[in-house]
Amino acid sequence: MRLVLLGAPGSGKGTQATRLKEHLQVPHISTGDLLRAEVAAGSTLGLQAKAVMARGDLVSDDILLGMLEDRLSRPDVASGFILDGYPRNLAQADALGKLLARIGQPMDHAVQLEVDTDKLVDRLAGRAQAEGRADDNPESVRNRLNIYNDQTAPVIDFYRQHGVLKAVHGEGSMDEVFTRILEAIMVGIDVG
Ligand code: AP5
């Protein structure tokens, strides 16, 4: 199965992708994690991305597409993947569609996690205290939320028009949200 997880910063994309990965036995591809690995490694790409990410701005579409092409060329995606953090604007959505058509792996579902802004801010403040992620400070969080509303939210309509959008209520316990996602994509839940 090939699916994209959409949602604002703090909506639970990474949390749910970790669970979906186990359940569906497909790799979790997080562009945020790929970029943070480059930053941690001190690579040229990481050095370019570090300050951009800390501010909460988007890293350039060209860098992201190159990274994604590289990741999707690996054999482990043959059975599918969960994409988290991409696409983040309409240009990326278009590029992803073309890339998937080229490799013959069309998207099955785009799952949108819906969470109120107040709750997003609370969750990210909690993570800032617990983990100290560089872009979880109040100023960067505000910027990330604005960019999501301006640039990423239109991607939701893009997938709605393509008939693959599944909107899921992203509040409640992590287990509750996970169950809702499985129901939305019609994958059986193993209760045994
Ligand atoms: P990225 O890493 O993708 O960050 P993000 O989209 O801002 O998302 P987050 O990781 O903050 O939130 P999430 O939705 O994954 O929620 P999570 O599960 O972690 O991107 C970071 C940066 O990289 C970008 O700002 C940009 O600079 C760059 N970048 C990445 N992709 C790019 C692209 N395509 N183009 C350009 N630039 C790109 O949960 C958040 C918190 O909430 C956690 O503490 C979690 O424990 C908690 N939580 C989760 N679910 C629940 C629940 N149900 N109840 C209570 N708490 C919960």
Side-chain angles (χ1 to χ4, degrees), residues 3-21 28-40 45-72 81-97 99 110-156 158 168-181:
L3 68 88
V4 167
L5 281 178
L6 300 169
S11 59
K13 302 181 297 294
T15 302
Q16 297 301 330
T18 303
R19 289 160 184 243
L20 286 164
K21 166 189 163 162
H28 166 203
I29 302 175
S30 156
T31 49
D33 286 350
L34 291 174
L35 286 165
R36 280 184 288 276
E38 296 286 345
V39 172
L45 194 160
L47 291 173
Q48 284 175 296
K50 187 175 179 178
V52 178
M53 292 174 73
R55 284 198 303 273
D57 285 334
L58 294 185
V59 177
S60 86
D61 288 350
D62 287 349
I63 288 181
L64 263 294
L65 184 59
M67 258 178 38
L68 197 63
E69 280 175 334
D70 181 51
R71 183 62 188 85
L72 291 179
F81 52 82
I82 298 148
L83 195 48
D84 154 18
Y86 194 101
R88 268 182 141 90
N89 57 34
L90 287 173
Q92 292 187 4
D94 187 49
L96 178 64
L99 171 57
V111 174
Q112 176 205 1
L113 296 175
E114 297 178 306
V115 177
D116 274 354
T117 305
D118 288 353
K119 190 137 288 188
L120 298 171
V121 170
D122 284 352
R123 286 184 186 177
L124 295 176
R127 190 173 62 189
Q129 286 208 319
E131 297 175 25
R133 204 172 107 172
D135 56 351
D136 279 343
N137 63 79
E139 199 180 328
S140 298
V141 166
R142 236 182 343 263
N143 190 30
R144 286 158 64 199
L145 289 171
N146 286 339
I147 289 178
Y148 177 79
N149 289 328
D150 292 346
Q151 299 193 41
T152 313
V155 172
I156 291 164
F158 175 93
V168 169
H169 182 47
E171 296 181 24
S173 74
M174 296 175 193
D175 284 347
E176 285 167 342
V177 177
F178 182 56
T179 302
R180 285 182 210 131
I181 295 174

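Atoms within a ligand are numbered from 1 in the order they appear, just like the ligands themselves.
- The residue Ala130 has no part lying near ligand 1, judged by heavy-atom distances below 4.0 Å.
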inquiry  = One pair to check against side-chain contact (heavy atoms from CB on, under 4.5 Å): Leu45 and Met67. What are the steps and the verdict?
reply    = CA-CA 10 Å; Leu45 194 160; Met67 258 178 38; 4.2 Å; yes
request  = Before giving the answer on salt bridge (Lys or Arg N to Asp or Glu O under 4.0 Å), spell out for Arg144 and Asp136 the whole-Å C-alpha distance, their side-chain angles and the decisive distance to 0.1 Å.
outcome  = CA-CA 9 Å; Arg144 286 158 64 199; Asp136 279 343; 2.8 Å; yes
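- The protein heavy atom nearest to atom 28 (C) of ligand 1 is Leu35 CD1, 3.5 Å.
- Nearest approach of Leu96 to Pro87, heavy atoms of both residues: CD2-CD, 3.9 Å.
- When non-hydrogen atoms are compared, ligand 1 lies under 4.0 Å from neither the backbone nor the side chain of Pro87.
- Nearest heavy-atom pair across Ser140 and Asp135 is CB-O, 3.4 Å.
- Closest protein heavy atom to atom 8 (O) of ligand 1: Lys13 NZ, 3.3 Å.
- Under 4.0 angstrom from ligand 1, the non-hydrogen atoms of Arg144 all belong to its side chain.
- To the nearest 0.5 Å, atoms CD1 (Ile147) and CG (Asp57) are separated by 4.5 Å.
- Of all the heavy atoms in Glu176 and Ser173, the pair that sits closest is OE1-N, 2.8 Å.
- Where the criterion is an N or O separation shorter than 3.5 Å, residue side chain and backbone included, Arg127 meets it with respect to ligand 1.
- Judged purely by atom type and a 3.5 angstrom limit, Arg123 uses its side chain to pair as donor or acceptor with the backbone of Gly10.
- Within the 3.5 Å criterion, the main-chain N or O of Arg127 finds no donor-acceptor partner in the side chain of Arg133.
- The heavy atom nearest to atom 42 (O) of ligand 1, out of those in Lys119, Arg36, Gln92, Arg123, is found in Arg123.
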message = Checking Val4 against Val155 for the side-chain contact (heavy atoms from CB on, under 4.5 Å) test, could you report, in this order, the C-alpha distance in whole Å, the side-chain angles of both residues, the deciding distance, and whether it holds?
response = CA-CA 11 Å; Val4 167; Val155 172; over 6 Å; no
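- For the pair Glu114 (side chain) and Glu171 (backbone), a donor-acceptor distance under 3.5 Å is absent.
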message = Set out, in order, the CA-CA distance, both residues' side-chain angles and the distance that settles side-chain contact (heavy atoms from CB on, under 4.5 Å) for Phe178 and Leu20, then state yes or no.
response = CA-CA 8 Å; Phe178 182 56; Leu20 286 164; 3.8 Å; yes
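- Scanning the protein heavy atoms around atom 39 (O) of ligand 1, the nearest turns out to be Thr15 OG1, 3.7 Å.
- Using a 4.0 Å cut-off to heavy atoms of Thr31, the atoms of ligand 1 that qualify are 30 (C), 31 (N), 32 (C), 34 (N).
- Using a 4.0 Å cutoff on heavy atoms, Asn89 does not count as a contact of ligand 1.
- The shell of residues lying under 4.0 angstrom from ligand 1, judged by heavy atoms, excludes Ser140.
- Here atom 27 (O) of ligand 1 lies nearest to Asp57 when heavy atoms of Asp57, Ile147, Asn143 are compared.
- Annotation: Ser30 places no N or O atom under 3.5 Å from an N or O atom of ligand 1; distance criterion only.
- Protein heavy atom closest to atom 30 (C) of ligand 1, with residue, atom name and distance, is Arg88 NH1, 3.4 Å.
- Polar contact with ligand 1: absent for Asp84 (N/O pair, distance under 3.5 Å).
- Among the atoms of Gly172, some N or O lies under 3.5 angstrom from an N or O of ligand 1.
- Side chain of Lys13 to main chain of Ala8: a donor-acceptor pair is present (N/O by atom type, distance under 3.5 Å, no hydrogens or angles).
- For atom 46 (O) of ligand 1, the closest heavy atom belonging to the protein is Met174 CE, 3.7 Å.
- The closest approach between any non-hydrogen atom of Gly7 and ligand 1 is not below 4.0 Å.
- Here the CG atom belonging to Asn137 is positioned 10.5 Å from the CG atom belonging to Leu124, to the nearest 0.5 angstrom.
- Looking at ligand 1, you won't find any N or O of Asp33 less than 3.5 Å from one of its N or O atoms.
- Ranking protein heavy atoms by distance to atom 12 (O) of ligand 1, first place goes to Gly10 N, 2.9 Å.
- Counting protein heavy atoms only, atom 36 (C) of ligand 1 is closest to Val59 O, 3.2 Å.
- Arg88 places no side-chain N or O within donor-acceptor distance of the main-chain N or O of Leu58, the cut-off being under 3.5 Å.
- Per-residue contacts place Leu124 under 4.0 angstrom from the following atoms of ligand 1 (heavy atoms of the residue considered): 11 (O).
- Near Gly32, meaning under 4.0 Å from one of its heavy atoms, ligand 1 places the atoms 1 (P), 2 (O), 20 (O), 30 (C).
- No N or O atom of Tyr86 sits closer than 3.5 Å to an N or O atom of ligand 1.
- A donor-acceptor contact shorter than 3.5 Å links the side chain of Asn149 to the backbone of Leu145.
- Side-chain N or O atoms of Asp116 include none that pairs as donor or acceptor with a backbone N or O of Lys119 at under 3.5 Å.
- A donor-acceptor contact shorter than 3.5 Å is absent between the side chain of Asp84 and the backbone of His28.
- Of the protein's non-hydrogen atoms, Arg133 NH2, 3.2 Å is the one closest to atom 4 (O) of ligand 1.
- For Leu64, every heavy-atom contact with ligand 1 shorter than 4.0 Å involves the side chain, none the backbone.
- Against a heavy-atom cut-off of under 4.0 Å, Ala8 is close to the following atoms of ligand 1: 14 (O).
- A salt bridge links Asp175 to Arg19: one of the charged nitrogens lies within less than 4.0 Å of a carboxylate oxygen.
- The shortest N or O to N or O distance between Gly85 and ligand 1 is under 3.5 Å.
- Against a heavy-atom cut-off of under 4.0 Å, Gly14 is close to the following atoms of ligand 1: 13 (P), 15 (O), 18 (O).
- Polar contact check, Gly12 against ligand 1: a nitrogen or oxygen pair lies under 3.5 Å apart.
- Of the N or O atoms in Asp136, none lie within a sub-3.5 Å distance of an N or O in ligand 1.
- Ligand 1 has no N or O atom lying under 3.5 Å from any N or O atom of Val52, backbone or side chain.
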